[in-house]
Amino acid sequence: MSHAATFATRLLQWFEQSGRHDLPWQHPRTPYRVWLSEIMLQQTQVRVVVPYFERFVAALPDVRALAGAPLDEVLALWSGLGYYARARHLHAAAKQCVERHGGELPRDFDALLALPGIGRSTAGAILSQAWGERAAILDGNVKRVLCRVHAVAGWPGAPAVEKRLWALAGAHLDGVPDGRMADYTQAQMDFGATLCARHDPACALCPLQDTCLALREGRVQELPTPRPGRPLPERRALALLLRDGDGRVLLQRRPPTGIWAALWSLPEHPDHAAARAWFERHVRGDFDAAAVLEPVAHAFTHYRLDLQPLAWQGVDLLPAVRDRADLRWVAAPELGTLGIPAPVRTLLAPRPGHAR
DNA sequence: AAATCGGGGAC
DNA sequence: GTCCCAGATTT
């Protein structure tokens, strides 16, 4: 048996001194906390996640608490974090854990993969970090590191490139010493997030200097290959900000699919004709008395949204629609108990923006 | 294979 | 302004 330094042992040695050892989900490192952190960290930076994680585990400290909570509470705890399907899937997965796995997360790759919101990489991250199982991950950090170390060209999100990266990630598992899988997984992510960063990686301090092909070939700056650019379409919509005599705001639950699914938001319509038609069927008041507020620009990954708020005060719902489950008057203190899109929450904040 | 799904950090 | 982040799911 050779004792030559491997990809894994080099990263592990670097990890001892330079890794992150004080992240909140590491103390204590339970399966539930690892799972929750991995879901929150999908496409979301560590710095953003930390306060959400702390608040979430304080309110819902284990699988059974999560499974027993109303979806609105889960969405409220997720409000502002984005990609709300993660919260809905997390909630559904917790219920499945109670029904099928005795209220615990299953210690099995296929069983984890079968839970909503857990894909191949997240399953590997949970198995390795929660139980020390020998499983690979392939997140943005690992993709970047592997693309450089092995000089893999092509956008890492392309299926063919991703397949090659999974093979490389799997091959490196053989070099992980027994009992070190949790640290190895953490080491890869810390290494990619801090030393082998997207901009200006610290190659002079890198433990992989003598094996990194990108460094040898002078291609560190160009790898990994950026995602192909696409034009962003722009969509416009009207947001109806209705307040009753008590200053409560009318919120509407969004449909179960699409953007901001199942969140509470302002009634939204593509144009004035649609807005007026909805208003006249639902509201006792004068549509033309609306105040025109400052537009809100919001950028998604795949399009831009320009929201034009129209505001009324002292209106009421028509009797025929007062008992609709998807419409409710909400007082300011209740806003924190509901999942509300970030730009809408901003719009409803104490400084509501001035009419123009 | 491509599109969908948020919000913000860092440049 | 840009790109992308501890990706998964749907089409």
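Below, chain A is the first sequence line, B the second, and so on; all start at residue 1.
Taking 4.0 angstrom as the limit, A:Trp260 places a side-chain polar atom (N or O) nearer than this to OP1 or OP2 of B:dG7. Applying the 4.0 Å criterion to OP1 and OP2 of B:dA3, one finds that A:Arg230 has a side-chain N or O inside that range. Neither OP1 nor OP2 of B:dG6 sits under 4.0 Å from any side-chain N or O of A:His298. Between C:dT2 and A:Arg304, a contact under 4.0 Å exists linking OP1 or OP2 to a side-chain N or O. Note on A:Tyr303: every side-chain N or O is 4.0 Å or more away from OP1 and OP2 of B:dG6. Between A:Thr122 and C:dA8 there is a side-chain N or O to OP1 or OP2 distance below 4.0 Å. Taking side-chain N and O atoms only, A:Arg144 has a distance below 4.0 Å to OP1 or OP2 of C:dC5.
The shortest non-hydrogen separation linking A:Leu77 to A:Tyr52 is O-CD2, 3.6 Å. A:Arg345 approaches A:Leu335 most closely through the heavy-atom pair NH1-O, 3.2 Å.
Put simply, CG on A:Leu305 is 13 Å from C1' on B:dG7, counting in whole angstrom units. Look at CG on A:Leu112: it is 17 Å from P on C:dG7, rounded to the nearest Å. The NZ atom of A:Lys143 sits 8 Å away from the P atom of C:dC5 (whole-angstrom rounding). Regarding A:Arg227, its CZ atom lies at a distance of 11 Å from the P atom of B:dT4, rounded to whole Å. Rounded to whole Å, atom P of B:dG6 lies 7 Å from atom CZ of A:Phe300. The interatomic distance linking A:Trp35 (CH2) with C:dA8 (P) rounds to 14 Å, in whole Å. Residue A:Asp139 contributes atom CG, which lies 9 Å from atom P of C:dA8 at whole-angstrom precision.
Across residues 157-196 of chain A, A:Gln186, A:Met189 each have a non-hydrogen atom less than 4.0 Å from an atom of DNA chain C (numbered order).
Judged by a 6.0 Å distance limit and a 45° cone about the ring axis, A:Arg120 is positioned over the six-membered ring of A:Trp166. Cation-pi geometry between A:Arg254 and A:Trp264 is not met at under 6.0 angstrom from the ring centre and within 45 degrees of the axis.
When heavy atoms are screened at a 4.0 angstrom cut-off, A:Arg20 is found touching base atoms of the nucleic acid. Within 4.0 Å of A:Gly80, counting heavy atoms only, lie sugar-phosphate atoms of the nucleic acid but no base atom. Contacts of A:Val49 with the nucleic acid, taken as non-hydrogen atoms under 4.0 Å apart, are absent. Nucleic acid contact class of A:Ala125 (heavy atoms, under 4.0 Å, all strands): none. A:Trp155 comes within 4.0 angstrom of no nucleic acid atom, judged by non-hydrogen atoms across all strands. Using a 4.0 Å heavy-atom cutoff across all strands shown, A:Tyr83 reaches at least one base atom of the nucleic acid.
With hydrogens and angles ignored, a donor-acceptor pair under 3.5 angstrom links the side chain of A:Thr44 to the base of B:dG6.
To the nearest whole angstrom, the two P atoms, one in C:dA6 and one in B:dC11, are 14 Å apart. The gap from the C1' atom of B:dG6 to that of C:dC5 amounts to 12 Å, rounded to the nearest Å.
For A:Val46, taking side-chain heavy atoms from C-beta onward, the closest of the listed nucleotides C:dA6, B:dC5, B:dG7 is C:dA6. In this structure, of B:dG7, B:dG6, C:dA6, it is C:dA6 that holds the atom nearest to the side chain of A:Leu23.
Residues A:Gln42 and A:Thr122 have side chains that bring a donor and an acceptor to within less than 3.5 angstrom of each other.
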Table of protein N/O atoms under 3.5 Å from nucleotides 9-11 of chain B N/O atoms:
{"from": "B:dG9", "atom 1": "O4'", "to": "A:Gln45", "atom 2": "OE1", "distance (Å)": "3.1"}
{"from": "B:dA10", "atom 1": "OP1", "to": "A:Arg47", "atom 2": "NH1", "distance (Å)": "2.1"}
{"from": "B:dA10", "atom 1": "OP2", "to": "A:Arg47", "atom 2": "NH1", "distance (Å)": "3.4"}

Pull out every protein N or O sitting under 3.5 Å from an N or O of nucleotides 9-11 of chain C, one pair per line with the distance.
{"from": "C:dT9", "atom 1": "OP1", "to": "A:Gly117", "atom 2": "N", "distance (Å)": "2.5"}

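A residue-by-residue look at A:Tyr52 and A:Gly258 shows that A:Gly258 has its nearest nucleotide of DNA chain B further toward the 5' end. Between A:Ala123 and A:Thr225, the one whose closest nucleotide on DNA chain C sits nearer the 5' end is A:Thr225.
Aromatic ring orientation, A:Phe15 versus A:His21: tilted (interplanar angle from 30° to 60°).
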